[in-house]
> 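Before we start, here is the structure in question, set down as structure tokens.
From a predicted model like this one, the values you see are computed outputs, not experimental measurements.
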Amino acid sequence: MITGLMFRDSIISAANNIANSRQAVDALNIFPVPDGDTGTNMSMTIGAAAKEMATLPDNCTIEEASAHCASALLRGARGNSGVILSLIFRGFSKGFKGLKEAGSKDIANAFKEGVDAAYKAVMKPTEGTILTVIREAKDAAVEMAEIQDDPLEVAFAALQAGKEALAKTPDLLPVLKKAGVVDAGGQGLILVFEGMESVWHNGVIIQSLDGSGVTPVSVPSKSTVANASDDIEFGYCSEFLIEKSNNAKEKDPLRLRAYLESIGDCVVVVDDNDIIKVHVHSNEPGNVIQSALKYGQLINIKIDNMRYQHANAEVGVKDGDKIIEPIAAEPKNDYGFVAVCAGQGLEELFSDIGADVVVSGGQTMNPSTDDILNAVMSTPAKTVFVLPNNKNIIMAAEQAIPLANDREVRVLQTKTIPQGISALLCFDDTCDADENQMNMMAAAQAVETAQVTFAARDSEVDGQQVHEGEIMGLCNGKIKYIGKEITDIAFKTTDKLFRKNEHSLITIIYGEGVTEEDADAVTQKLQNKYGNDVEISVVNGGQPVYYFIISVE
């Protein structure tokens, strides 16, 4: 039988196992745009559950362990892969409900529930992904449970079938076959299952490897957190290591220290051969991460919400089995807005046009469901509209909907910053929530978005060879231009989208790595071509990753 203790330890083992291989899973990403990579998102997601598992006693039941795991995964889910992982384990929890320990048919039933939860959440399921891997694993578990009354054998059969399904993912998705890789999400799931299998079959918790990026699971003492000041100026404690890169944009750690001191306190930046150690308290953890990425890749990432910890410590983290929520703003207003973006200029822009709370995050630092939920609960409104502004954040935002018990949450599926801006500007307080949701999404979908960024890895897209570091121009998310000169790519990408008889307004949002003069150069090229047919605005967004984000309306 699988006991609660075995399940508890297996999640810790799973978190260590995928974190040990996080970079290898990230490397399976075949799209060259820098984003919230699959391995990192899945590792951070299950890492949240591992921390929760470490608080459970040895005599916990499998119902208790799986329920706590599912709750932590849900709140800690980052990116689409992290959300799907959390849904699989939510199904497992449903399958183990009411059980002290699990037998073979219970394991099979848990897999059934996990598959159902994952597939229901995806509007258009794609085969050759993590969904295929979990479904094939489920089929094997169900089949084995019919002939073998041993839960360990059922679990092992599921793992083996999952591995076989993973190996076949390139046959189901031509883009994977062309790149010569398996699906990253499926690989992450197998690493999770292998970590669990190590405990269930061998009684061994896989440990973190030196330099793997695994933060040891530990829970701060309640008294330590409770002694913190009531007046916390900077709410997020960020700690991590930077592995220096020869190709990094920045080399001098003193510049990083200076930036961190400008947005926070308790700054520690220690340059140690190939590693830079970083600690800072700030209100902008996303910007902290983005600034650090200029020096190399990050490992041992740990971000704590100190205000949340302090509030929970004072009222008690748990009351029996009930988790105490952070103090919420009273929903006085009819409507409120939460927007996700990175960059001081963009944060100020969203605040200026009506966002009550701005969640710091974006392409390479996907906020968790809990980050978005906290923002929703901090918004003093009965109905809160959430603008994710990134396709890899939408699912995490949607998971916050049932968690906000005293207010309605409506997630608008905005996939870019310009879509979010247009949607928010379209809000009309004389309309009801349904009308506004429809009108705001119509406004978002009417916007064309051009983006200019750099290739994070060598790749091939639609027959085009892309080399790491090259400049890429994206039209509505699709790579259209590749080159060396940023302003030239920005002009070409915008020109590709602009149609004289349909469009009249262009907004150029420039970010880190370019100047206002660069934005003016793009403006001049566009005005030279379109003259009085176009009105152009320039905004300093300060966003990382994207040199330019340009809207065409």
> Does a side-chain heavy-atom distance below 4.5 Å link Thr40 with Val25?
no
> Answer yes or no: is there a donor N or O on one side and an acceptor on the other, between the side chain of Gln419 and the main chain of Lys415, under 3.5 Å?
yes
> Show me, pair by pair, the donor-acceptor contacts under 3.5 angstrom made by side chains of residues 157-164, not counting sequence neighbours?
unit_1: Lys163; atom_1: NZ; unit_2: Glu194; atom_2: OE2; d: 3.3

> Look up atom CZ in Phe337 and atom CG in Leu412, then write down how far apart they are to the nearest 0.5 Å.
9.0 Å
> Could you check whether any side-chain N or O of Ser13 sits under 3.5 Å from a backbone N or O of Ser10, counting only pairs where one atom can act as donor and the other as acceptor?
no
> Sequence neighbours left out, what passes side-chain hydrogen bond (donor to acceptor under 3.5 Å, both in side chains) with Thr3? Give chain and number order.
none
> Of all residues at least two apart in sequence or in a different chain, which pass the side-chain hydrogen bond (donor to acceptor under 3.5 Å, both in side chains) check with Asn17?
none
> State the CD-CG distance between Glu243 and Leu298, to the nearest 0.5 angstrom.
9.5 Å
> Determine, step by step, whether Cys341 and Gln543 satisfy the side chain to side chain contact (heavy atoms under 4.5 Å, CB included) criterion, reporting the C-alpha distance in whole Å, the side-chain angles of both residues, the deciding distance to 0.1 Å, and the verdict.
CA-CA 8 Å; Cys341 67; Gln543 72 273 5; over 6 Å; no
> Taking the side chain as every heavy atom from C-beta outward, state whether Phe111 and Val142 have any atom pair closer than 4.5 Å.
no
> Check the pair Thr38, Asn41 against side-chain hydrogen bond (donor to acceptor under 3.5 Å, both in side chains), reporting the backbone distance first and the verdict last.
CA-CA 5 Å; Thr38 300; Asn41 280 336; over 6 Å; no
> Please identify each residue that fulfils side chain to side chain contact (heavy atoms under 4.5 Å, CB included) with Glu113, with sequence neighbours left out.
Lys94, Asn109
> First locate atom CG of Leu189, then atom CG of Leu85, and finally report the distance between them rounded to the nearest 0.5 Å.
6.5 Å
> Which word best sums up how the rings of Phe7 and Phe89 line up, parallel for under 30°, tilted for 30 to 60°, or perpendicular for over 60°?
perpendicular
> Are any of the side-chain heavy atoms of Asp406 and Pro331 separated by less than 4.5 Å?
yes
> Provide the full list of ring pair (Phe, Tyr, Trp, His ring centres under 6.0 Å) pairs with a residue in residues 133-185, sequence neighbours left out, each pair given once.
Phe156-His201
> Run Ile2 and Met196 through side chain to side chain contact (heavy atoms under 4.5 Å, CB included) and show every step you take.
CA-CA 11 Å; Ile2 306 297; Met196 298 176 72; over 6 Å; no
> Any pair with a residue in residues 167-186 that passes salt bridge (Lys or Arg N to Asp or Glu O under 4.0 Å), sequence neighbours left out, goes on the list, sorted by first then second residue, please.
Asp171-Lys177, Lys178-Glu460
> How long is the span from the CD1 atom in Ile11 to the CE atom in Met53, to the nearest 0.5 Å?
6.5 Å
> Could I get the full list of side chain to side chain contact (heavy atoms under 4.5 Å, CB included) partners for Asn202, not counting sequence neighbours?
Val204
> Working note: Ser238 + Ile289, criterion side chain to side chain contact (heavy atoms under 4.5 Å, CB included); need CA distance, chi angles, decisive distance, verdict.
CA-CA 8 Å; Ser238 303; Ile289 295 297; 5.6 Å; no
> Is the shortest side-chain heavy-atom distance between Phe193 and Ile134 below 4.5 Å?
yes
> Return yes if some donor-acceptor pair links the side-chain N/O of Ser71 with the main-chain N/O of His68 below 3.5 Å, else return no.
no
> Considering all heavy atoms of both residues, which atom of Ile12 and which atom of Ala50 are nearest to each other, and what is their separation?
CG1-O, 3.9 Å
> Sub-3.5 Å donor-acceptor pair from the side chain of Asn392 to the main-chain atoms of Asn80, do we have one?
yes
> Any chance the side chains of Glu398 and Gln413 put a donor and an acceptor closer than 3.5 Å?
yes
> Do Arg135 and Glu127 have side chains that approach each other closer than 4.5 Å (heavy atoms only, starting at C-beta)?
yes
> Asp9: what forms a side chain to side chain contact (heavy atoms under 4.5 Å, CB included) with it, not counting sequence neighbours?
Leu5, Val199, Ile205
> Spell out, as yes or no, whether a donor-acceptor pair under 3.5 Å connects the side chain of Thr379 to the backbone of Ala381.
no
> Please assess Gln399 against Arg90 for the test side-chain hydrogen bond (donor to acceptor under 3.5 Å, both in side chains), listing each intermediate value before the final yes or no.
CA-CA 12 Å; Gln399 303 312 301; Arg90 188 192 301 180; 3.0 Å; yes
> Answer yes or no: is there a donor N or O on one side and an acceptor on the other, between the side chain of Ser21 and the main chain of Ile18, under 3.5 Å?
no
> Once side-chain hydrogen bond (donor to acceptor under 3.5 Å, both in side chains) is applied, do any residues pair with Thr414, and if so which ones, sequence neighbours excluded?
Asn389
> With a 4.5 Å heavy-atom cut-off, do Ile393 and Ile372 have their side chains touching?
yes
> Among residues at least two apart in sequence or on other chains, which ones pass side-chain hydrogen bond (donor to acceptor under 3.5 Å, both in side chains) with Arg407?
none
> Verify, without hydrogens or angle tests, whether Asp371 (side chain) and Ser368 (backbone) share a donor-acceptor contact under 3.5 angstrom.
yes
> Do side-chain atoms of Thr169 reach the backbone of Leu166 as a donor and acceptor pair under 3.5 angstrom?
yes
> Side-chain contact test, heavy atoms from C-beta onward, threshold under 4.5 Å: evaluate it for Thr61 versus Phe96 and give yes or no.
no
> Is any side-chain heavy atom of Gln451 closer than 4.5 Å to a side-chain heavy atom of Ile417?
no
> Can you pull the side-chain hydrogen bond (donor to acceptor under 3.5 Å, both in side chains) pairs that have at least one residue in residues 138-150, sequence neighbours excluded?
Ser104-Asp149
> How close do Ser282 and Val288 get, heavy atom to heavy atom, and via which atoms?
OG-CG2, 3.5 Å
> Using side chain to side chain contact (heavy atoms under 4.5 Å, CB included) as the criterion, list what pairs up with Glu239, not counting sequence neighbours.
Cys237, His279, Lys302
> Considering non-hydrogen atoms only, spot the tightest contact between Val340 and Pro367 and give its length.
CG1-CG, 3.9 Å
> Please name the pair of heavy atoms, one in Lys105 and one in Ala145, separated by the smallest distance, quoted to 0.1 Å.
NZ-O, 3.4 Å
> Side chain to side chain contact (heavy atoms under 4.5 Å, CB included), that's the test. Do Phe385 and Leu424 meet it? Break it down for me.
CA-CA 9 Å; Phe385 290 97; Leu424 191 49; over 6 Å; no
> First locate atom CZ of Arg78, then atom OG1 of Thr369, and finally report the distance between them rounded to the nearest 0.5 Å.
9.5 Å
> Could you report the tightest heavy-atom contact between Gly296 and Ile242, atom names first, then the distance?
N-CG2, 3.8 Å
> When rounded to the nearest 0.5 angstrom, what is the spacing between CG in Asp106 and CZ in Phe92?
13.0 Å
> Nearest heavy-atom pair of Ile62 and Ala102: which atoms, and what distance?
CD1-CB, 3.8 Å
> May I ask you to decide if Leu56's main-chain N or O and Arg8's side chain share a donor-acceptor pair within less than 3.5 Å?
yes
> Indicate yes or no for a side-chain donor-acceptor contact from Asp26 to the backbone of Gly39 under 3.5 Å, with no hydrogens or angles considered.
yes
